[in-house]
Every structure is written in C-alpha cells, then in structure tokens.
Amino acid sequence: MNLEAAATNSNFIRNIVLDDLATGKVRAVVTRFPPEPNGYLHIGHAKSICLNFELAQEVGGQTNLRFDDTNPSKEDEEFVKAIQEDVTWLGFTWNQLCFASDYFEEMYERAVLLIQKGLAYVCDLTPEEMRTLRGTLTTPGQESPYRRRTMEENLDLFQRMRSGEFPDGSKVLRAKIDMTSPNINLRDPVLYRIAHATHHRTGDLWRIYPMYDFAHPLEDAIEGVTHSICTLEFEDHRPLYDWVIEQCEMPSRPRQYEFARLNLTNTVMSKRKLKQLVEEGVVDGWDDPRMPTISGLRRRGYTPEAIRSFAREIGVAKSNSVVDAHMLEYFVREDLKMKALRTMAVLRPLKVVITNYPEGESEWLEAENNAENPALGARLIPFSREIYIEQDDFMESPPPKYFRLFPGNEVRLKHAYFIRCEEVVKDAAGRVVELRCTYDPETKSGTGFAGRKVKGTLHWVDASHAKAAQFRLIEPLILDDVDEAGDDLLGRLNPRSMEVVEGYVEEGLEIAGSDKFQFFRHGYFSVDSRLTSPELPVFNLTVSLKSSFQL
RNA sequence: UGGGGAGUAGCCAAGUGGUAAGGCAACGGACUUUGACUCCGUCACUCGCAGGUUCGAUCCCUGCCUCCCCAGCCA
C-alpha cells in the first residue's frame, strides 16, 4: 500500500476543507481535538485525532488539543495527563494546549450578553418540571413560567448563581429560543447549571458551569477554529451551535461537521463501558493490553504507525459502520513485519533429545534477525543435544497433510538441522513427555544442503540456554455474538480473553534493544511494561500470524 | 405520528449524467528454512426498492422501505 496515497484518501470533510481553501472561504485551517478529561482515549478517538491533525497538516494548518473540561464532577487531572501522553505517542504535536476552563470568564460575559439581548433567562423549574414542559418528540413544549423574567432580574439572579448563593439544581440559565421547535435541542436549552464542585483547574472559583452546547461553539470561536469536527450524534445540535456563535456575536465563525464514530467488531467503544471494566476489576487498568484504549494498545505492542495507517484506511463517512477488527490487526502486522526481530519462543514446551548429538557439546548457529530486512543483522543461537519444541508440533498419529513431527518423520529445525523422530517417551498417564530424535549433520542450515526436502520447519529453543518466560495470549475481551447477553456488558466477556502460559525464549532477547519481537510461527509479541522482570520476562501477544493451518 | 442523518460486495469505502477505485476478509494457484511473507488469479452486469426524466441514471426527480440519532441541569 502506498502510504502517501493513503494519506490523501478522499473523504467528504477533506473535500470541504480543500474547497473552502480553494474558494477563499477560509485562509488557514484550524482544527482541534476536544476530549473531555473523564477517561482514557481509545482507538475511536485515534480516528478523530488522526483526522484532525493530518487534515490540518496536509494544508499547512493548525490543530489544538483542547480539554473540554466543563463538568468538574466527572473530570480529573489524571486523564488530562494520560490524554496528552497518548496524543503525543500517536505522533502528533498540537499548536496550542487549551482548556475550556480558561474561557469561563469570557463565556460568562457572553451569557450576560444573551441576557441583555433578551435571549437567555434564569429558570427555577425542577428537572422533572423542565422535562414535562419540554414536550415529547411529537408534541411541542410549553414555555417556562420563568421565561418572562425581566432582564434586570435575570442579570441579578445569574450573578448570584455565580457567587454561589443558590444550591445545586435550584436554578439554571436557559436560552430563549423556541419551545415548539421540532428540534428538541432548540426548546430553550440549558446554558449554565449550578455545581458546587471543585474543578481540577479552577478550583472553587466557579459555582456555575457552562453546558456543552453553549461552551463548545464559544471554545471553537475563541480559538479561531475553522472546521469543528465531531461525531454524528451532534448533528441536530448544529443549529444551536450556529445560534450560539451568532447570538453571542463571536467575531470568528467556525463550522461544525459530523462524521461517524469508529466501531470495531468484538470491541466496546464507550468510555462509560471501558470505565466499568476498569472499576469492576475486569481488567487491570485502562492500559490492560486487552483494552481498546490507546494505552492498552501501546502496552499490547501496537505502534503509532499502525494505528495511523489504520485510521487513514478506514475512511471518514457519515454512515454508521462496524469495521472488522481484522483490519486493525492487518496494519500492526504490516508495520511490525520489517521492524521486529524474528526470534524463537516455545510457548508449550516438549523436550526433544537428539540422541546422536554428542553429550556435553554445543555449537552456535547463525540466524538472521529478519530475513526480509538484512539491516537488522544476525545473531548466534546455541544448539545442543536437548532442545524444546512446541507441543503442537508433534502428533503421534497425525492426520494426512500434517507435516510437522510424528514418529518416523523428518522436519527441519529453523536455522539448524533436519531431525527425525525415532522414539516417543510417555509418562505413566500416557502423555508424551519427551521425543528422542536423531539429526543429520549434513543438513546444517546455511550449507546449501539439497539432498532431500522436508515439508515442515519447526522453531525451537536450546534447553541448556533457554530463558523461562511468560506469554499472555490475548483474545477479544468482549464478544459480539453472545446469545441472550443483550446490553449486559459482563455477559459478553470472553472467558478466554487472556491465557497465560509459561515456556521459553532464546537467551539474550532482553539485550536486543527492542521490546517487540516476532516469535516464529506464533505472532508478534511485546514485553509487558508492567509485569516483566529480569527473572521472568513477560510478553503480550500483540497479534498472531495469519495461518491457513487447521487440523 | 416530530426533527435530524444514512443505505455502493462478508466488512470499511471512493466515485460520477458516459457504463462501478482502493483496502480488509475469503477462496484458488506459485514460491517458501515461518502452514508467515511475497507473487499471480478469483471476488458488485450493478450501487436499499419502485417508478419517472434522459441517447444513457449509482448519480437528477417522485414515491416507498430499512437502519441510526434526539425528550441530561452529560459530552
């Protein structure tokens, strides 16, 4: 795939931007990524981040990282830090770091302006009363009895709301628009609510906080954002967005455009649900390698490049869709293919004794680190009389077309020799515990031996130099097709989302200067940043290799 | 029964009044010291459905169908 071409994949938002530039409607493009710091970023956010940053980048524009921190009861500094780390890790640099809370004073002034223009009023209705008067989808709403308060009274009340005179929930500031609008968002929406909560940045300075519908357009306008990109559910808020910009007399005129959020098969993509998994201890944190969070993907071994390529390739459109998770996997494999050292690990060891190999002797064999990328060099691996192979690579009575090891069969040991299975050793229970094989010195790797061919090539680890390691085999945390699970998230948990096995890796992997490896015939693995130790390295399965093999 | 959106292959997704890009998946075959990779090939006579306009419609018009979103003092 041509990355340059992919970077300029056509999509409707890009077309709008290009057109705005061509017609002179805007001179320079400014976008923004506006997360609320109430959770960690996930792969769905990555789609938005890539869209905003890459689009601006393409046309020489700017992108701000702006925290939409207008609800202190849900937000936290921890998330502010994590979000910045994730955006940076993805490879983006924002032009300005902004906080909606930095604009609270200006927002307040704009609200006062609305009151002065007779376009906003303080309303004492209870939430229940307000809901009742709002009407329904098919019936118009009715005006609040407080709608006719005088401008002076509204100004006074709003100021007193600010000063903390009233308890939470007792009053709100509402826009005066149209209670009969077929668009419910225009039925006198709430602009400010009272919240005696400590804000992570402004502390106890404010007792009133602006609502999204009021704050967001102002934030965009204040920053000079030209293209405010958000998701589909905000589509019918756009008239209100425009109303706020217009009536608050903002000099700058941002436009809102909506696209479909990312959905992935076997993945939950809502902060609320991800938070639930964290809080109920289903996972070991937001960065659990099974989580679709940026930090989880990072810990699992995904690369920023892979995520960016994925984001470009899935496109940007307005129809609700569910992307096959195979696509995401494809892009990590693609990225790691040339980067990762291709080494050997045995996940479920079976001992093999090479009976004709001299006892007490060993030799060092040369192995290239990545056959497709010579720049990655080569290493020496030990070989001796006892090695481990994969339990799955032996069957006592195999089906047809099984070309791994079985009694009498000969296979190649990657980077080493051909071996033939001569004898099977079992324990009292009849389980195979050891294989006794012979090797043929003439078949040594690299000698160009062509005397005969074998169908199978196995990976292995020398027993005397093997390093014990733990492997965490990851599968989807949440399954799509669970009968009768309904909306019960926990009912959709995959019982096999993580299988932990212990086996061996080649010695010396820790000094390879990388935390990502391909383990031959298994897949790509990454050192777990939290669990690994010098005594027992721990690897997470980033993604398995494709395989057409089936028994 | 209100308003706002969307329907192009199994999944994403371009596209335009001139005869359906690309990617993922899948399936054949070649190659192979990874049952991987790579390579070659296959995969929409048709763009939700029905009419209409036109020399010609996925694109324009009309009607219909299906799906998604909206009744937080969340974002």
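Sequence lines set the chain letters: A, B, ... in the order given, protein chains first and strands last, and positions in each chain run from 1.
- A:Thr136 comes within 4.0 angstrom of a base, heavy atoms only.
- Atom C1' of B:G48 sits at a distance of 15 Å from the matching atom of B:C59, rounded to the whole Å.
- Cation-pi geometry between A:Arg342 and A:Phe520 is not met at under 6.0 angstrom from the ring centre and within 45 degrees of the axis.
- Taking atom P in both B:G10 and B:C45, the straight-line distance is 10 Å, to the nearest Å.
- Its glycosidic angle being more than 90° from 0, B:C31 falls on the anti side.
- Taking atom C1' in both B:C49 and B:U42, the straight-line distance is 30 Å, to the nearest Å.
- Each of A:Arg404 and A:Val316 lies near RNA chain B, and the nucleotide nearest A:Val316 is the one positioned closer to the 5' end.
- Distance noted for atom P between B:A26 and B:A21: 23 Å (whole Å).
- Rounded to the nearest Å, the gap between the P atom of B:U58 and that of B:A20 is 10 Å.
- Comparing B:C24 with B:C39, their P atoms are spaced 10 Å from each other, to the whole Å.
- In this pair, A:Tyr439 and A:Tyr357 present their aromatic rings tilted. The plane angle is within the 30 to 60° band.
- Going from the C1' atom of B:U38 to that of B:C67 covers 41 Å, rounded to whole Å.
- Ring-centre distance between A:Phe259 and A:Phe12: not below the 6.0 Å cut-off.
- The distance from atom NZ of A:Lys546 to atom P of B:C37 is 5 Å, rounded to the nearest whole Å.
- The same atom, C1', is picked in B:C47 and in B:A13; the two are 13 Å apart, to the nearest Å.
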